[in-house]
Every structure is written in C-alpha cells, then in structure tokens.
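Heads up: the structure comes next, in structure tokens.
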Amino acid sequence: MISHETRKHLWYYAGLLVVSVLALSLLWMTAYDKALQMAVVVLLSLFYVLWGLLHHFMHHDLHIKVVLEYILIGALGISIVFFILG
C-alpha cells in the first residue's frame with residue numbers, strides 16, 4: 001500500500017523518474033562518446049539538485065542541511081560515473 005506521504009508527493013517522484021529514464025536512455029544512445037555521456041550525467045545531477053531544492057522550498061522545509069545533502073549526492077553520482085567512464 002502507498003503511504004500518505006508518498007501519495008502526497010507522487011507527481012514529484014513521477015517527474016523525477018521520467019527525467020531520469022530519459023537521461024539513462026540518452027546515456028545508452030551516446031555510448032560512443034564518453035564526453036557527451038559525462039555531460040548528460042552532470043546535467044542530470046544538476047536537475048536532481050535543483051528539483052529537490054525546489055521541492056523542499058515549495059514545502060517550506062528547505063534548510064542548509066538539505067541543500068548540502070542534495071549537492072553531495074549529486075557530486076557523488078558525478079564522481080561515480082566519472083570513475084566508471086574514465
């Protein structure tokens with residue numbers, strides 16, 4: 001069963017999922033160009049950070065701890081892909 005909190009934020013999760021699937025599809029289609037793949041990953045990470053910050057801003061629970069968490073998770077994703085592609 002879907003919790004009330006999940007149902008309340010369903011459009012947020014759906015939008016994030018759609019953009020992520022599109023970015024992963026673009027990564028698969030650009031397997032020949034590592035630089036382009038890295039650019040897609042950086043853009044996806046930036047989108048993730050901005051999407052999360054906007055979401056928390058709209059729900060009035062945006063704090064410096066949340067900002068740092070999103071930035072660090074985005075940077076971790078970029079780092080992981082950089083070392084995998086490198």
Side-chain angles (χ1 to χ4, degrees):
M1 179 143 255
I2 298 175
S3 71
H4 174 69
E5 280 299 310
T6 302
R7 197 172 308 127
K8 183 175 153 183
H9 302 285
L10 194 58
W11 289 109
Y12 165 76
Y13 296 132
L16 192 57
L17 180 65
V18 167
V19 171
S20 297
V21 167
L22 290 174
L24 290 173
S25 299
L26 189 57
L27 281 175
W28 180 72
M29 293 186 313
T30 60
Y32 57 88
D33 189 349
K34 301 297 182 196
L36 186 55
Q37 284 184 319
M38 199 64 217
V40 170
V41 169
V42 169
L43 289 174
L44 177 60
S45 294
L46 286 173
F47 174 80
Y48 169 77
V49 170
L50 293 174
W51 189 261
L53 296 180
L54 179 64
H55 173 76
H56 284 279
F57 178 76
M58 289 172 34
H59 290 278
H60 307 289
D61 61 349
L62 182 62
H63 305 288
I64 190 67
K65 183 178 176 183
V66 172
V67 172
L68 290 174
E69 181 180 337
Y70 274 97
I71 291 171
L72 290 173
I73 294 297
L76 179 63
I78 291 170
S79 299
I80 289 170
V81 173
F82 177 77
F83 286 112
I84 289 174
L85 291 179

Euclidean distance, Ile71 CD1 relative to Ile64 CD1, rounded to 0.5 Å: 7.5 Å
Pair Val67-His63, side chain to side chain contact (heavy atoms under 4.5 Å, CB included): steps then yes or no: CA-CA 6 Å; Val67 172; His63 305 288; over 6 Å; no
Roughly how far, to the nearest 0.5 Å, is the NE2 atom of His55 from the CH2 atom of Trp11? 15.0 Å
Show your reasoning for whether side chain to side chain contact (heavy atoms under 4.5 Å, CB included) applies to Phe47 and Leu16. CA-CA 9 Å; Phe47 174 80; Leu16 192 57; 3.9 Å; yes
Which pair of non-hydrogen atoms, one from Ile78 and one from Ser45, has the smallest distance, and what is that distance? CG1-OG, 3.3 Å
Do Leu76 and Val42 share a hydrophobic cluster (ILVMFWY, side-chain heavy atoms under 4.5 Å, transitive)? no
CG/Leu26 to CG/Leu36 distance, rounded to the nearest 0.5 angstrom? 6.0 Å
Is there a path of hydrophobic side-chain contacts, each under 4.5 Å between heavy atoms of I, L, V, M, F, W or Y residues, that connects Val81 with Met29? yes
Mind listing the closest non-hydrogen atom pair of Val66 and Asp61 along with its distance? CG2-O, 3.9 Å
Kindly work out whether a path of hydrophobic side-chain contacts (I/L/V/M/F/W/Y, heavy atoms less than 4.5 Å apart) joins Leu10 to Val18. no
Can you get from Phe57 to Ile73 by hopping between Ile, Leu, Val, Met, Phe, Trp and Tyr side chains that sit under 4.5 Å apart? yes
Centroid-centroid under 6.0 Å between His59 and His9 rings: yes
So does Tyr13 have more than 12 non-hydrogen atoms from other groups sitting under 6.0 Å from OH? yes
Output yes when a side-chain donor or acceptor of Trp51 lies under 3.5 Å from a complementary backbone atom of Tyr12, and no otherwise. yes
Can you tell me how far the CG atom of Asp33 sits from the CG atom of Leu27, to the nearest 0.5 Å? 11.0 Å
Considering non-hydrogen atoms only, spot the tightest contact between Val41 and Gly77 and give its length. CG1-O, 4.3 Å
Between atom CD of Glu69 and atom CG of Leu53, what is the distance when rounded to the nearest 0.5 Å? 10.5 Å
If hydrophobic clusters are built by linking Ile, Leu, Val, Met, Phe, Trp and Tyr wherever their side-chain heavy atoms come under 4.5 Å apart, do Phe82 and Leu46 end up in the same one? yes
Which pair of heavy atoms, one from Tyr70 and one from Val49, lies closest together, and at what distance? O-CG2, 3.3 Å
